[in-house]
Amino acid sequence: MQYKRYLALGAAAALAVSLTACAPSAPEPGESSSSTGPSDETLSIGTTTDVVNFNPVLGNSRTDSWITNLMYPHLLSISEDGTKEEHVATDWGYVDDTTGFYEIRDDLTWSDGEPLTAEDVAWTLNAVKRDQAPGTFYGQLGNLDTATAVSDTRVELTLTQPDSSIIDEIGFWGVVVPQHVFEPQGSIAEFANDGSDGGWVGMGPFILEDFQVGQHYTLKRVEDYPLVDGGVPGPAEVVYRVYPDVNTEILALQSGEIDVIANALPPAQVDQLSNASGLQVIEAPGLGYAHLVYNMEKPDLAKTEVRQALAHAVDYEAIRTVVLQGQAVSTGSSALMPVLARYYDDSVEEYEFDPEKSRSLREEAGYTADADGNFPISFRLIYSLQDSVTSQWAQLVKDTAAEAGITIELQGTERNTYLSMTNAGDYDIYAGNFAIMDDPVTNFALSYLPGGAINYTHVDDPELNALIEEGMVTFDEDEKISIMREANKIVHEQVYDNIMYTQNLFFAASDEWAGFISKPSELLSIVNPLSLASAHPVE
């Protein structure tokens, strides 16, 4: 069984959606990004949270990732359909079923002048595995035995068992740190990397120079960054400024206090800012989804008919139209989203909003409505108050469920409380969203295997388990797609997940800057390293 691999996974998914401005496609490293070259200007970016961890291998908040990604490279990047693209690695794959590899560039150096080599890659992987550094990165390493640098540019990974997703997923979610800086500090899981011992050493377009909690994080340009056209980043420095909320960020952008908002715009603000003088709105493809999850550890929700009844008591189109302002699309109630074009199966159709069908299903499950048409049971739905979009559609879910005689009690809480309740299983219905669900096998293992870190339904279905495990060890893509489509049909029919929509996201910036390169999700968007390195003032 591979279940244990997924106990530590899940932070990636939890890090969490076309108007006048279209997102440019990212160039391959070394290709033109239309940059005009380095400038003397500072690019100021708004964020709503401080850094929690400066150590990039630990579980990160969004701001942690935005800043550490500018200093510590990933082996692979990601495309709009979830496929992986080269970054530090130029080639990757499998030697055989239990041996993977990465070939990396030979022209990269750390900011202190030391070369970045396969030894750094191998040491990082082994240290994260050895020290069990908590977070997404460690969660990807369950089937890794050891990593070995077989040359300066090639690292090979010996696996404990076949795993057809691990090379792509480690490449995208894992980072590389300088062995010569991190190894002397002891455990990689305990190194604060807060700059207190002389500053930071990285290999990115910018290096953190100083910060003040609650105020700013200032990063200076490096003068040698081969991954951007011309080899030198455009802005002289990047400064992240901390604001209490996105509305305050919008005011700061309109006043010229900042140049970019890192957070995605609320749907209601997109049209307004698209037409605002001096601003541009840029779209980032969505690789995640919003969903409702029914806790099967609750006796009533363990009944398939009850979960189906709840699924048919949601007006999905109203949510996408009213709350999302038409900026979201249906997935067909499918965990294999349309954006994952190779896997998507259009024969899986969205649950129909049908209050009468919902009532019939409740009756099939053995429940009888009272004289007022209400069934004698209620469900507690939790959500984060910091998630303004989910807060709005949760109310619609409650209202439409009432039409089917179902009582839903809303419990919105502060985000940390919400996450704690989620981890403790303290809910009947979980409402939320995942930012990046890029690999179907990994996503299904996370979400539906026993012990999966985001198995919020608490499902343990032997037939589904067998299909997911078969997908893990299947390397032929056509076979894997067929297997995962069968698994998806079970998830859909049994309502192990009620996936409501996928949402492209929109980001606002001053039109005095150009060259941004949009990547999927809020985690990457227009503040990914290649984008900020390519940004330049408009002449």
Side-chain angles (χ1 to χ4, degrees), residues 1-10 12-13 74-76 78 82-86 89 91-104 118 121-122 124-130 132 136-150 154-174 335-336 340 342-343 436-455 459-488 490-491:
M1 292 289 185
Q2 299 192 22
Y3 297 164
K4 64 180 181 180
R5 171 186 171 191
Y6 298 96
L7 289 172
L9 270 164
H74 293 246
L75 292 166
L76 302 176
I78 195 168
T83 56
K84 305 308 184 292
E85 300 175 331
E86 69 178 69
D91 192 19
W92 61 97
Y94 295 85
V95 177
D96 54 50
D97 286 0
T98 55
T99 308
F101 74 91
Y102 301 101
E103 288 280 354
I104 67 170
V121 177
T124 303
L125 291 169
N126 292 329
V128 171
K129 175 80 172 182
R130 178 196 67 213
Q132 301 181 30
T136 304
F137 192 176
Y138 173 66
Q140 302 287 359
L141 304 182
N143 289 333
L144 173 69
D145 181 24
T146 188
T148 304
V150 298
R154 183 180 177 91
V155 59
E156 294 190 353
L157 285 65
T158 302
L159 309 180
T160 57
Q161 58 190 49
D163 187 335
S164 62
S165 296
I166 191 171
I167 297 301
D168 273 3
E169 293 301 277
I170 287 176
F172 174 62
W173 290 106
L336 299 177
L340 303 175
R342 295 167 300 159
Y343 285 84
I436 299 180
M437 301 298 274
D438 59 303
D439 178 77
V441 174
T442 300
N443 302 345
F444 274 57
L446 283 169
S447 302
Y448 313 122
L449 282 184
I454 52 176
N455 183 349
V459 55
D460 183 359
D461 181 324
E463 183 181 3
L464 179 59
N465 297 345
L467 286 168
I468 295 171
E469 292 215 318
E470 186 181 358
M472 292 179 190
V473 298
T474 299
F475 288 82
D476 180 89
E477 185 174 53
D478 290 338
E479 290 181 21
K480 184 187 291 190
I481 290 170
S482 178
I483 292 166
M484 298 314 297
R485 284 180 173 177
E486 287 303 308
N488 187 55
I490 294 174
V491 171

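Computed over heavy atoms, backbone and side chain alike; hydrogens, waters and symmetry mates excluded. Please read these numbers as outputs of a predicted model, since none were measured by experiment.
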N488 side chain to M484 backbone, donor-acceptor under 3.5 Å
no
For T98, the side chain to side chain contact (heavy atoms under 4.5 Å, CB included) test, sequence neighbours excluded, returns D96, L159, P162
Sorted by chain and residue number, the salt bridge (Lys or Arg N to Asp or Glu O under 4.0 Å) partners of D438 (sequence neighbours excluded) come out as K84
List for me each residue that meets side chain to side chain donor-acceptor pair (under 3.5 Å) alongside N443, sequence neighbours excluded, and say none if there are none.
none
For the side chain of N126 and the backbone of T146, is there at least one donor-acceptor N/O pair under 3.5 Å apart?
no
My understanding is that only residues two or more places apart in sequence, or in another chain, count here; which of them pass ring-ring contact (aromatic ring centres under 6.0 Å, His included) with Y94?
F475
Expected output: side-chain S447 to main-chain N455 donor-acceptor under 3.5 Å:
no
Checking D461 now: which residues fulfil side chain to side chain donor-acceptor pair (under 3.5 Å) with it, not counting sequence neighbours?
Y496
Got a sec, which residues hit side chain to side chain contact (heavy atoms under 4.5 Å, CB included) with V95, two or more places apart in sequence or on another chain?
T99, F101, R154, E156
Counting N and O atoms only, with roles assigned by atom type, does the side chain of S165 sit under 3.5 Å from a partner on the main chain of V441, one being a donor and the other an acceptor?
no
Can you run down the salt bridge (Lys or Arg N to Asp or Glu O under 4.0 Å) pairs that involve residues 474-487, sequence neighbours left out, and say none if there aren't any?
R342-E477, E486-K489
Exactly one of I170, L75, L157, D168 clears side-chain contact (heavy atoms from CB on, under 4.5 Å) with W92, and that residue is D168
According to ring-ring contact (aromatic ring centres under 6.0 Å, His included), who are the partners of Y448, at least two apart in sequence or on a separate chain?
F444
